[in-house]
Colleague: 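Mind having a look at this structure? Questions to follow.
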Amino acid sequence: MFVRDHMTPNPVTITPDVSVPDALRIMRENTIRRLPVLDSHGKLVGIVSDKDLLHASPSPATSLSVWEITDLLSRLKVAKVMTREVITVTEKTPLEEAARFMADRGVGGLPVMRGQNLVGIITESDLFKVFIELLGGRRPGVRLTVSVSGAKGTLARIASAISDAGGDIVGIGVSEIGES
């Protein structure tokens, strides 16, 4: 499985000069939590998440008036709060490698590049959908959890026994345990 098979193609993007309130509005309107940031030539220069934007917003405990806050926020641009060192993947990146990048680096989404061009984005939500699909989560049936040793043929024997009993495997996940 590759990123290209599960990414969101042609993601919504913004430029660095978009204001924080406008970026939040774009996210709400599109029901998304991160926006790749492209310069005027279409080159990826950053990424901004809803958390980045919310952290840039003032605390409710501020002594500023609502009008002062609105004015200050309208002048704050995404360029000031975006992440500039963006971790990216290609369309041919294996899905598990993209998931590992996200987990290891604590990011919720990765822009997908074809050369210098942004062609998609892969997010935690996309990975959750794949997880559900792989484990047969949308298909009716009995769920079986099995921990197996790494001994050759163990999984084949289990699958054969299920088939011989008339069972249908709708998804499978493998958790390997050490041999006793």
Side-chain angles (χ1 to χ4, degrees), residues 1-16 18 23-24 26-28 30-39 41-56 78-79 81-139 141 143-159 162 168-179:
M1 298 180 112
F2 296 98
V3 165
R4 71 173 166 254
D5 302 319
H6 299 282
M7 70 181 189
T8 300
N10 306 310
V12 177
T13 63
I14 56 174
T15 58
V18 170
L24 281 167
I26 291 167
M27 286 183 185
R28 270 194 315 274
N30 291 281
T31 320
I32 55 178
R33 293 183 304 204
R34 59 202 49 81
L35 289 163
V37 182
L38 305 180
D39 69 11
H41 303 290
K43 180 183 176 219
L44 181 69
V45 293
I47 190 165
V48 67
S49 72
D50 55 351
K51 288 181 183 177
D52 297 330
L53 298 174
L54 293 171
H55 284 130
V78 166
V81 297
M82 70 183 186
T83 299
R84 293 178 185 277
E85 292 184 24
V86 185
I87 303 162
T88 64
V89 292
T90 70
E91 299 164 287
K92 296 177 183 177
T93 301
L95 209 51
E96 64 273 16
E97 188 174 322
R100 191 179 70 245
F101 286 153
M102 284 191 243
D104 290 352
R105 297 194 172 128
V107 296
L110 301 170
V112 182
M113 306 298 289
R114 183 183 304 140
Q116 295 297 311
N117 299 318
L118 176 72
V119 294
I121 190 165
I122 187 85
T123 67
E124 294 167 318
S125 297
D126 298 321
L127 295 177
F128 286 139
K129 291 173 188 173
V130 172
F131 183 71
I132 290 168
E133 179 185 321
L134 286 173
L135 295 177
R138 297 205 188 276
R139 291 186 58 196
R143 300 293 179 258
L144 175 65
T145 302
V146 180
S147 294
V148 298
S149 70
K152 185 177 183 177
T154 302
L155 194 56
R157 286 192 300 279
I158 292 169
I162 291 169
D168 180 26
I169 298 173
V170 297
I172 192 162
V174 178
S175 173
E176 187 177 311
I177 59 170
E179 293 189 44

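Just so you know, these numbers use all the heavy atoms, side chains as well, and skip hydrogens, waters and symmetry mates.
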Colleague: Let me know which of Asp5, Asp126, Ile122 forms a side-chain contact (heavy atoms from CB on, under 4.5 Å) with Leu95.
Modeller: Ile122
Colleague: What pairs with Ile132 under side chain to side chain contact (heavy atoms under 4.5 Å, CB included), at least two apart in sequence or on another chain?
Modeller: Arg138
Colleague: Drop me the distance from Glu133's CD to Phe128's CZ, to the nearest 0.5 angstrom.
Modeller: 15.0 Å
Colleague: If I take atom CZ from residue Arg100 and atom OG1 from residue Thr93, how far apart are they, to the nearest 0.5 angstrom?
Modeller: 10.5 Å
Colleague: If you take all heavy atoms of Val119 and Met7, which pair is closest and at what distance?
Modeller: O-CE, 3.7 Å
Colleague: Working to the nearest 0.5 Å, report the span between CD of Glu97 and CZ of Phe2.
Modeller: 10.5 Å
Colleague: Out of Thr15, Leu44, Ile14, which one pairs with Val37 under the side-chain contact (heavy atoms from CB on, under 4.5 Å) rule?
Modeller: Ile14
Colleague: Has the side chain of Thr83 got a donor or acceptor atom that lies under 3.5 Å from a matching backbone atom of Val86?
Modeller: no
Colleague: Considering only heavy atoms from C-beta outward, does the side chain of Leu24 approach that of Leu54 to under 4.5 Å?
Modeller: yes
Colleague: Are any of the side-chain heavy atoms of Met27 and Val48 separated by less than 4.5 Å?
Modeller: yes
Colleague: Tell me the closest heavy-atom pair linking Ala23 and Leu35, and the distance in Å.
Modeller: O-CD1, 3.8 Å
Colleague: Could you check whether any side-chain heavy atom of Thr90 comes within less than 4.5 Å of a side-chain heavy atom of Val3, counting everything from C-beta outward?
Modeller: no
Colleague: Side-chain atoms of residues 101-118: list all donor-acceptor pairs with protein atoms under 3.5 Å, sequence neighbours left out, distances to 0.1 Å.
Modeller:
residue, atom, partner, partner atom, Å
Arg114, NE, Glu91, OE1, 2.8
Arg114, NH2, Glu91, OE2, 2.7

Colleague: Listed by chain and number, what are the side chain to side chain donor-acceptor pair (under 3.5 Å) partners of Thr88, not counting sequence neighbours?
Modeller: none
Colleague: Does Thr123 reach the side chain of Ile32, with side-chain heavy atoms less than 4.5 Å apart?
Modeller: no
Colleague: Is a side-chain donor or acceptor of Arg84 paired with a backbone partner of Ala79 at a separation under 3.5 angstrom?
Modeller: yes
Colleague: What residues form a side chain to side chain donor-acceptor pair (under 3.5 Å) with Thr13, not counting sequence neighbours?
Modeller: none
Colleague: For residues Pro11 and Pro36, report the shortest heavy-atom separation together with the two atoms involved.
Modeller: CG-CG, 4.3 Å
Colleague: Could you work out, with salt bridge (Lys or Arg N to Asp or Glu O under 4.0 Å) as the rule, every residue matching Arg33, not counting sequence neighbours?
Modeller: Glu124
Colleague: Under the rule for side chain to side chain contact (heavy atoms under 4.5 Å, CB included), what residues qualify as partners of Thr154, not counting sequence neighbours?
Modeller: Val148, Ser149, Ala151, Arg157, Ile158
